[in-house]
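The next block holds one structure in the form of structure tokens; read it before the comments.
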Amino acid sequence: MWTLRHGHRRDDGGRSVDCREVLTLSPQPAGTGGPLRIVFADGPGRYVPGGAYSGSGDVGLACGADLNLHEPGAVRALLDVALEQGWQPGERRPVEMDGWSMLEAAAAVRSGKARPEGP
């Protein structure tokens, strides 16, 4: 099961800054493990929703890979990459991973050009 949320980091003054998309994957059945939060924070050469030029759920590199986090295949590709990178769904604590470090591998899996090694 997954949810997608748009949010902002708070600066030292409490103001909202830096758009971010947070994809949360929750192991099922409920209570069998802690959630995985895959965070895509805005930055140079990256885009996340929050403006007129990107659609809801779109994340990507200005000159490279992209995904739409509303698409089940994109979410599955990120899950596969997270498992490959060591995420343990049975862990009881929440885990946060940087989505940008996973994007290119997940986009390759999504397009069928690569397959994750898998556990």
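Starting from 1, each residue takes its place in the sequence as its number.
- A salt bridge does not link Glu71 to Arg76: none of the charged side-chain nitrogens sits closer than 4.0 Å to a carboxylate oxygen.
- Minimum heavy-atom separation, Ala82 to Leu36: CB-CD2, 3.6 Å.
- Annotation for Arg20 and Ala41: closest pair CB-CA, 3.9 Å, computed over non-hydrogen atoms.
- With rounding to the nearest 0.5 angstrom, the CG atom of Leu78 is 7.5 Å from the CG atom of Leu25.
- Counting all heavy atoms, side chain and backbone alike, Leu69 lies closest to Leu23 at O-CD1, 4.3 Å.
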**Item:** Full working for side-chain contact (heavy atoms from CB on, under 4.5 Å) between Trp2 and Leu79
**Value:** CA-CA 10 Å; Trp2 86 85; Leu79 170 61; over 6 Å; no

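- Across all non-hydrogen atoms, the minimal contact from Pro89 to Pro27 is O-CG, 3.4 Å.
- Separating the CG atom in Leu103 from the CG atom in Leu61 is a distance of 5.0 Å, to the nearest 0.5 Å.
- Within the 4.5 Å cutoff, the side chain of Asp58 has heavy atoms near those of the Tyr47 side chain.
- In this structure, Arg46 does not pair ionically with Asp42, as no charged nitrogen and carboxylate oxygen lie closer than 4.0 Å.
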**Chi angles and distances behind the side-chain contact (heavy atoms from CB on, under 4.5 Å) call for Glu96, Val39** = CA-CA 7 Å; Glu96 185 172 297; Val39 178; 3.6 Å; yes

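- Contact record, Ala107 with Asp66: CB-O, 4.0 Å, taken as the closest heavy-atom pair.
- Side-chain contact between Thr32 and Pro29: present, with at least one pair of heavy atoms (C-beta onward) separated by less than 4.5 Å.
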**Message:** Before you tell me yes or no, could you show the steps for Met102 and Ile38 under side-chain contact (heavy atoms from CB on, under 4.5 Å), namely the whole-Å CA-CA distance, both residues' side-chain angles and the distance that decides it to 0.1 Å?
**Reply:** CA-CA 9 Å; Met102 306 165 70; Ile38 302 174; 4.0 Å; yes

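- Looking at Leu67 and Arg110, their side chains come closer than 4.5 Å, going by heavy atoms from C-beta outward.
- The two residues Gly57 and Glu21 come nearest to each other via the heavy atoms CA-OE1, 4.2 Å.
- Using a 4.5 Å heavy-atom cutoff, the side chains of Met97 and Gln85 are in contact.
- Residue pairs meeting the ring-ring contact (aromatic ring centres under 6.0 Å, His included) criterion with at least one member in residues 70-91, sequence neighbours excluded, do not occur.
- Residues passing the salt bridge (charged side-chain N to carboxylate O under 4.0 Å, His left out) test with Arg93 are Glu91, sequence neighbours excluded.
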**Asked** When you look at Val59 and Trp100, which way does the side-chain contact (heavy atoms from CB on, under 4.5 Å) test go after all the steps?
**Response** CA-CA 9 Å; Val59 295; Trp100 298 113; 4.2 Å; yes

